[in-house]
J.: 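Okay, here's the structure, questions in a sec.
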Amino acid sequence: MKEQLHTQLTEAIGALLKEAGDAAEVPAFTLEVPRNTDHGDFACNAAMLLTKRLGKPPRDIAAALIERLGDADGLLEGTEVAGPGFLNLRLSTSHWRDLVLRIIQDGAIYGNNSAGVGKRVNVEFVSANPTGPLTVGHGRQAILGDVIARLLGASGWEVTREYYFNNGGRQMRVLGQSLKARYLEGLGKAAPPTPEMLDGSVEEWPETLDGLPVAFPNGGYQGNYLFEIAAELRETRGDELIEEDADGFFRLEAQGRIFTEIRKTLDSLDIQFDEYYNESSLYDEGKLDETLSDLREKSLVFEQEGATWLRATALGLDRDRVIIKGTGEPTYLFPDIAYHREKFRRGFDRIVDVQGADHIEQFPFVRLAVAQLGCDPERIELVMHQFVTITRGGEQVKQSTRRATYITIDDLVGEVGADVFRFFMIQRKAEGHLDFDLDLATSSDWKKNPAMYVQYAHARTCGIERKLEEQGKSMPEATEMDADRLVLPEEIELLKKLNEFPEVVARAAEGLSPHHVSYYLRELAGLWNPYIQDGSKHRILSDDEGLTAARIGLALAVRVVLCNGLKLLGVSAPEKM
RNA sequence: GGCCCUGUGGCCUAAUGGAUAAGGCGUUGGUUUUCGGAACCAAAGAUUGCAGGUUCGAGUCCUGCCAGGGUCACCA
């Protein structure tokens, strides 16, 4: 419908330009739903864009356009010139009549669009190293990535959700050492570090304490989960693992168990991945060597002080970076470049990386490096998100990774539930700081809790159907739902809101901005809850059968949109609360 | 110090370059005390951090400054 209007406008503008002897292309004008409802259902800015080319005042051009547009084949009921030269277009009533029926008929697919049909997108998110439980920061990323994937899916894209499993490097080695230390400590074969050593006030650690060696590495992982794994190992294996390698058995054991826990956590949030891309496969398949020699061919690699460097300054960046350490081990950056190149080779039209603010510095290096390898850098997009703070009782909860006093996703989901957790995590745009207010999330005053406010709006639409049943009446046929009977201002408001949904989805998907959807749902619920609340003003189930059918139609349409919207957010749409 | 992100009513925030900057929380004043179990209406509250610039038009884009956060590893 919007497309039709757009086409008609383009034709009218083209005709106008031709008349004026201007053969150039029609400029890209906007056709949008104005904030102010007095400005019609759509507003177009074309006239103002043409002032220079036509040398006429914008309002005159607008008037000429209106003349040529007419009623756009019955689509429009009113057109007018407004403000500095906007074209305000009002849709004919038949459109509103059709809307309710269309929503009900489309059902689960209402709101979808075809922007990405035939194209493939890769969304990489979480990608946490299995060194410990997922924290709240990972949680934000998990929900962001998942909802972005859902939005792109609703826009016709073929989506691959990917988790980059990065199990090489020093961190994992330290993890193995930490686990082995806990194991030995429990057997009385090693001494645990003192609290002073752990909190960083002792720089040089002693090799022994009370005659026992200190096995725990400086900077090791202090979380309780390692004690638990170690205890389990002692229970099942006794002391037979003493000779096992920290970087072998213990590292793999820790990695395996922790990753299992991570997947459990993700599962509890209803997040599944299509692909766990293993860093080590880049080594096994020679992708690193290949990338290195290709970069070398471009003179982007040099040796210095025993290490191999990427000449990033040649790409306009402010410093060069080591890609292979003096030890022969690659840094994080190197496989990451090869990895992104592989994403291109795997045939994705669009590559989306969801990353935390701490990772941001990495991105320009990867992007410019793969660009040198023949990949179109425009096709990689970064969704960067700031961190999450948690507030309880009006005070910020202190978090420290080093001391392992962080709050995990499991903690939080256990407290507020997956639905509230998900909704809260996409309430703000990604680049902004997010404060997770536990008092609000667990509040018994549910009206203040936006997740439940929206869910409740959905439950209420279902309540009407139950009520209908109680009264022993049957659901009216779709054809009886005559939206012409919906004439109250609040009903028109609702119809317009429902009409907006597909555009909200399209915009959120294109801009990789899930928060548009949560805002929209909050607004729709904000219209619907008061409407249904005040039964005296506009009863839905009344003696007037025609009106009843029309309002049931409205309720069903609202239900469809709330349900679809919540589904995009991965939040359940309960029929009863 | 370099680079990145963010500055919007008292608080939290929204706004594909569009018209009178939109919600929620809180505050104040009414209405309602009942349902289809989470009430409604109204009011107050803003120089969109500051100063320039770009143009028909800037919260949005550009430059400089100020403030907060992040990051500047042969960590990941």
Side-chain angles (χ1 to χ4, degrees), chain A residues 30 32 34-36 38-39 43-45 47-52 57-58 82-86 88 127-129 131 166-172 174 219 279 304-309 317-319 321-333 335-336 356-364 382 384-387 389 391 427-435 437 440 444-450 452-453 456-457 459-468 470-471 503 506-507 510-511 513 515-516 518-520 522-523 526 529-530 532-537 539-541 555 576-577:
Chain A
T30 61
E32 60 183 10
R35 257 204 297 262
N36 189 333
D38 291 341
H39 297 150
C44 176
N45 69 345
M48 291 175 289
L49 297 173
L50 294 170
T51 44
K52 280 203 172 159
F86 286 101
N88 288 352
S127 296
N129 281 358
T131 57
N166 179 268
N167 53 357
R170 196 183 74 93
Q171 303 290 355
M172 298 308 297
V174 171
E279 180 194 1
Q304 191 178 309
E305 295 163 9
T308 306
W309 296 67
L317 292 165
D318 59 346
R319 68 197 168 97
R321 293 278 303 268
V322 169
I323 53 175
I324 300 176
K325 307 179 206 172
T327 60
E329 196 177 21
T331 60
Y332 181 82
L333 175 61
D336 207 22
D358 58 335
H359 239 78
I360 175 78
E361 215 242 348
Q362 181 82 0
F363 190 72
L382 174 68
M384 189 220 66
H385 66 91
Q386 291 288 344
F387 292 119
T389 53
T391 303
Q427 265 199 112
R428 307 278 177 257
K429 58 182 174 197
E431 328 59 283
H433 288 98
L434 175 76
D435 183 58
D437 187 339
L440 199 62
S444 57
D445 188 355
W446 294 7
K447 187 179 180 279
K448 291 182 184 167
N449 184 322
M452 294 184 178
Y453 188 75
Y456 185 62
R460 286 179 124 174
T461 64
C462 303
I464 290 165
E465 293 165 53
R466 281 194 296 273
K467 184 77 178 182
L468 194 66
E470 272 171 39
Q471 294 184 356
E503 202 157 335
R507 215 173 65 225
E510 180 47 38
S513 317
H515 68 283
H516 288 310
S518 53
Y519 268 90
Y520 171 85
R522 182 65 183 74
E523 285 167 13
N529 276 333
I532 200 171
Q533 175 72 26
D534 194 354
S536 60
K537 220 190 276 176
R539 294 200 69 78
I540 290 178
L541 306 182
K576 221 172 168 179
M577 288 177 79

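Just so we're on the same page: letters track the sequence lines, and every chain starts at 1.
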J.: With P as the reference atom in both, quote the distance from A58(B) to G52(B) in angstrom, rounded to an integer.
T.: 14 Å
J.: Hunt down the Watson-Crick or G-U wobble partner of G45(B), both distances under 3.5 Å, from any strand shown, or write none.
T.: none
J.: In whole Å, what separates the P atom of U48(B) from that of C11(B)?
T.: 16 Å
J.: Would you indicate what T131(A) reaches in the nucleic acid, counting non-hydrogen atoms under 4.0 angstrom: base, sugar-phosphate, or nothing?
T.: nothing
J.: Mind checking I323(A) for me? I need base, sugar-phosphate or nothing, with any heavy atom below 4.0 Å counting as a touch.
T.: nothing
J.: CZ of R522(A) versus C1' of C12(B): gap in Å, rounded?
T.: 13 Å
J.: Which letters describe nucleotides 54-65 of chain B, given B = protein heavy atom under 4.0 Å from base, S = only from sugar-phosphate, - = neither?
T.: --B---------
J.: Nearest-nucleotide wise, let me know which of C44(A) and Q471(A) is further upstream toward the 5' end of RNA chain B.
T.: C44(A)
J.: Could you work out the separation of U28(B) and G2(B) based on their P atoms and round it to a whole Å?
T.: 48 Å
J.: Rounded to whole Å, how long is the line connecting atom CD of Q427(A) with atom P of C25(B)?
T.: 12 Å
J.: Stepwise, does the side chain to side chain contact (heavy atoms under 4.5 Å, CB included) test hold for R170(A) with V174(A)?
T.: CA-CA 6 Å; R170(A) 196 183 74 93; V174(A) 171; 3.9 Å; yes
J.: For H39(A) and U20(B), what is the distance between atoms NE2 and P respectively, to the nearest whole Å?
T.: 8 Å
J.: So that I can tick it off, tell me whether R460(A) and E465(A) are bridged by a salt bridge, with the cut-off set at under 4.0 angstrom between side-chain N and carboxylate O.
T.: no
J.: In whole angstrom, give the distance that lies between atom CG of N449(A) and atom P of G23(B).
T.: 21 Å
J.: Can you check salt bridge (Lys or Arg N to Asp or Glu O under 4.0 Å) on R319(A) and E361(A), steps first, answer last?
T.: CA-CA 12 Å; R319(A) 68 197 168 97; E361(A) 215 242 348; 2.8 Å; yes
J.: Need the pair for G26(B). Rule: Watson-Crick or G-U wobble, both distances under 3.5 Å, any strand; none if unpaired.
T.: none
J.: Side chain of H515(A) only, please: which of A15(B), C12(B), G36(B) is the nearest?
T.: A15(B)
J.: Which letter, B, S or -, goes with each nucleotide of nucleotides 66-76 of chain B from 5' to 3', with contact meaning a protein heavy atom under 4.0 Å?
T.: ---SSSS-BBB
J.: Q533(A) CD to C41(B) P: how many Å, rounded?
T.: 11 Å
J.: If you measure from the C1' atom in C25(B) to the same atom in G9(B), how many Å do you get, rounded?
T.: 12 Å
J.: Could you report the tightest heavy-atom contact between A47(A) and P58(A), atom names first, then the distance?
T.: CB-O, 3.4 Å
J.: Whom does C3(B) pair with, Watson-Crick or G-U wobble, provided both distances fall under 3.5 Å?
T.: G70(B)
J.: Using the rule given for ring pair (Phe, Tyr, Trp, His ring centres under 6.0 Å), can you reason through H515(A) versus Y520(A), listing the C-alpha separation, both sets of side-chain angles and the distance that settles it, and then say yes or no?
T.: CA-CA 8 Å; H515(A) 68 283; Y520(A) 171 85; over 10 Å; no
J.: Could you measure between the two C1' atoms, the one in G18(B) and the one in G57(B), and give it in whole Å?
T.: 7 Å
J.: State, to 0.1 Å, how close S518(A) and Q427(A) come at their nearest heavy-atom pair, and which atoms those are.
T.: OG-CA, 4.0 Å
J.: What is the distance from atom CG of L382(A) to atom CD of Q362(A), rounded to the nearest 0.5 Å?
T.: 11.0 Å
J.: Can you tell me how far P of G23(B) sits from CZ of R428(A), to the nearest Å?
T.: 16 Å
J.: Would you tell me whether N45(A) and T30(A) have side-chain atoms, one donor and one acceptor, within less than 3.5 Å of each other?
T.: yes
J.: Which value, in whole Å, describes the distance between the P atoms of nucleotides U47(B) and C41(B)?
T.: 28 Å
J.: Ignoring hydrogens, what is the shortest heavy-atom contact between K467(A) and L541(A)? Give both atom names and the distance.
T.: CG-CD1, 3.6 Å
J.: Specify the separation, in whole Å, of atom CG of D435(A) and atom C1' of G24(B).
T.: 15 Å
J.: Sticking with atom C1', work out how far A15(B) lies from G23(B), rounded to a whole angstrom.
T.: 10 Å
J.: Using a 3.5 Å distance criterion without hydrogens, assess whether the side chain of T331(A) forms a donor-acceptor pair with backbone atoms of V322(A).
T.: yes
J.: Is there a donor in the side chain of N129(A) and an acceptor in the side chain of Q171(A), or the other way round, less than 3.5 Å apart?
T.: no
J.: Once you apply the 3.5 Å cut-off to both distances, tell me the Watson-Crick or G-U wobble partner of A21(B), or none.
T.: none
J.: Calculate the interatomic distance between M452(A) atom CE and G24(B) atom P; express it in whole Å.
T.: 20 Å
J.: Name the pairing partner of U33(B), where a pair is Watson-Crick or G-U wobble with both distances under 3.5 Å, or state none.
T.: none
J.: Please give the distance between the P atoms of G64(B) and A14(B) as a whole number of Å.
T.: 26 Å
